[in-house]
Each structure stands twice: as structure tokens, then as C-alpha cells.
Amino acid sequence: MSYETIKYEVKEGIGTITINRPDVLNALNMQVLAEMLATIVTAASDAEVKVLVITGAGRSFIAGADIAQMGEFGTQDGLQFGDLGHAMLMALETMDKPVIAAVNGFALGGGTEVSLGCDFIYASTRARFGQPEVSLGIIPGFGGTQRLARTVGMNKARELVYTGAIIDAQEARRIGLVAEVFEPDELMDKVREKANLLMSNGPLAIAAAKRVMNKGVDLPLDSALELEKQAFSALFGTEDQTEGMAAFVAKRKAVFTRK
Ligand code: COA
């Protein structure tokens, strides 16, 4: 499939989506969102893809939703745009493979929101995060009012959303938004290392952990623990569990087959 606003490649188990509108710092318009959604759906069902990475071309990750396009929107367009953004991020969050945001530069507005839809965020020292929507007379529309608070806590999220403040990579790490910060020219190599580490673990186990942790966070503790119990016990019926434990006992590396 060919896309105009993103690049997509699959190499050695890693699918990489690169938002590719560097002239506008990879701003998200309807077309980018639709192309991202189509690619995420493809990656989710492609057995070759074990880990998905999202990054941006040039000096930006994603400098937010496309303000030129949004300037023309009425309420109906806003609804459609929000729906598409939510659908794309739900596809990321519910795919049963880990997704890494490799934040190489500006991750503002929709950029922070896309990174929040990933399982974790690795950032270059050039990364900048923030939800500046209120400065444009709107609010975050791709989950920022909800996922940011779930990640960094309501107080910090309120402050970021109400002030529109932009924070650097170290501050984003300090508040728990970013997992690790790397030099710009190291970022993609480090992300590949992290992806390889994920790929050495049981894929069904990671899928189960992702599902239970994402769903459980919105449930009362007893229901969330029930989810965990079901997923935990189900894994004992898998070949991956037999292999993982046999490999440990035999002091060899496990070879998981996702079965
Ligand atoms: N939507 C549309 N175009 C955007 C954009 C966005 N979100 N962000 C940047 N661009 C465009 C600029 O208009 C500019 O286009 P031009 O060269 O035709 O003038 C180009 O990208 C480069 O941006 P510029 O502002 O010149 O770069 P900068 O380094 O001086 O500043 C930012 C970078 C990210 C601080 C600044 O572009 C910015 O504030 N962008 C908007 C961020 C935002 O509010 N996002 C949330 C949207 S809901």
C-alpha cells in the first residue's frame, strides 16, 4: 500500500510508521490520521510485525493537529476529526503488540496525544511535549484530557492542559511521561534495542499484560484483579509458557512461537 503522508517499513520484526510532512512539522490532518489508522490495522494483523514504532520525519515528531485545516472546521468537522483521532489511538492501544513512541522533536497537542496512545515513550533530548490547544481556543481532542491524567496524574495534567505549557524531555521524564531520554543521533538505535528486548519475551504474555493493564486501570480494583487472574491462568495453556519455563530450567534462551 502506498501513502502520501506517512512512510511505513517492516524490518527484522519492527514495523515503523514515520509521519512524513516535515514542511509543517508533521502536523496531523484528516489524511494523516486515516493513513495512520490503515497502517496500524495492517501492522496489527501482520505476523512479521512484533513491535510497532512511531516517529516523525525531520526535526519534529508531530507538532499537533493541522491548524490550517482545523481553522476551516465547524462542529461537524470537529466531531469527525475527533472520531478519527480517537479511532486511530484506540487501534494503537488495543493492538496486541507493543507500540513505542520514538519522540525525536516537537510532540505538541496531537503529538503528545499520539505518544500517550503508545505503550511507552523514548525521547531525544530535542523532544518537547505539551497540550497547547487552549491557546487556540480549543481543548485536546485526541484523548489528551484523559490519557495524560492517567499517565502523569490529574494535578500535573490539569496544569499542562490549562496553561498550554511546553516541557522538555527531561521534565517529561521527571513527571513520568517519558521512559528514557537519549541523544538525538542515538534515539532510533536505542529504540531498536528496546524493541529487541521486547521481542525476546513471550509475545502472548506481553499482549495479555497490555490488555489487562490498559483495561484494568479504568475498573474497580476487584474487577481489575479478576481480569488479571483470568489472563494469568489462560497463559498456562500456551506453548509459550511451556517453552519459557523449560528454557529457564535448561539454562537456554526461550524460542517463543506466539502459540
Ligand atoms: N499545524 C499546521 N502547520 C504547522 C503546525 C501545526 N500544528 N505546526 C507547525 N506548522 C508549520 C508552520 O506554520 C510553519 O509553516 P510555514 O513554513 O509555511 O510558515 C512550519 O510548520 C514550521 O513551523 P515554525 O512555526 O516556523 O517552526 P518553529 O521552529 O519556529 O516553531 C513550533 C515550532 C512547534 C513551536 C510552532 O510551529 C508551533 O507552535 N506549532 C503549533 C503547535 C500547536 O499549537 N499544536 C497544537 C495544535 S492543536
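Whatever order the structure lists ligands and atoms in, that order sets their numbers, starting from 1. None of the values given here were measured: they were computed from a predicted structure. If you read the sequence from its start, that first residue is 1, and numbering goes on from there.
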query: Judging by distance only, is a nitrogen or oxygen of Glu133 under 3.5 angstrom from one on ligand 1?
result: no
query: Side chain, backbone, both or neither: which part of Arg59 has a heavy atom under 4.0 Å from ligand 1?
result: side chain
message: Looking only at distances, can you tell me whether any N or O atom of Phe106, backbone or side chain, sits closer than 3.5 Å to an N or O atom of ligand 1?
response: no
query: Which is it for Arg128 and ligand 1 at heavy atoms under 4.0 Å: side chain, backbone, both or neither?
result: neither
- line: If you scan protein heavy atoms around atom 15 (O) of ligand 1, the nearest is Asp23 O, 4.2 Å
query: Got a sec: does the CZ of Phe73 have more than 12 other heavy atoms crowding it under 6.0 Å?
result: yes
- request: Kindly confirm or rule out an N or O of Ile138 lying under 3.5 angstrom from an N or O of ligand 1.
  value: no
query: Which pairs count as salt bridge (charged side-chain N to carboxylate O under 4.0 Å, His left out) when at least one residue sits in residues 202-220, sequence neighbours excluded?
result: Asp119-Lys210, Arg150-Asp218
- request: Measure up the Phe182 and Tyr122 rings against each other and bin them: parallel (under 30°), tilted (30 to 60°), perpendicular (over 60°).
  value: tilted
query: Within a strict 4.5 Å, meaning less than it, do heavy atoms of the Leu204 and Gln241 side chains meet?
result: no
- request: Under 4.0 Å, heavy atoms only, figure out whether ligand 1 is touched by the backbone of Ala63, its side chain, both or neither.
  value: both
- prompt: When you measure from atom 1 (N) of ligand 1 to every protein heavy atom, which one gives the shortest distance, and what is it?
  reply: Ile67 N, 2.9 Å
message: Suppose we measure from atom 10 (N) of ligand 1 to each protein heavy atom; which comes out shortest, and what is that distance?
response: Val24 O, 3.7 Å
task: Output all residues satisfying side-chain hydrogen bond (donor to acceptor under 3.5 Å, both in side chains) with Ser115, sequence neighbours left out; order by chain, then residue number.
output: none
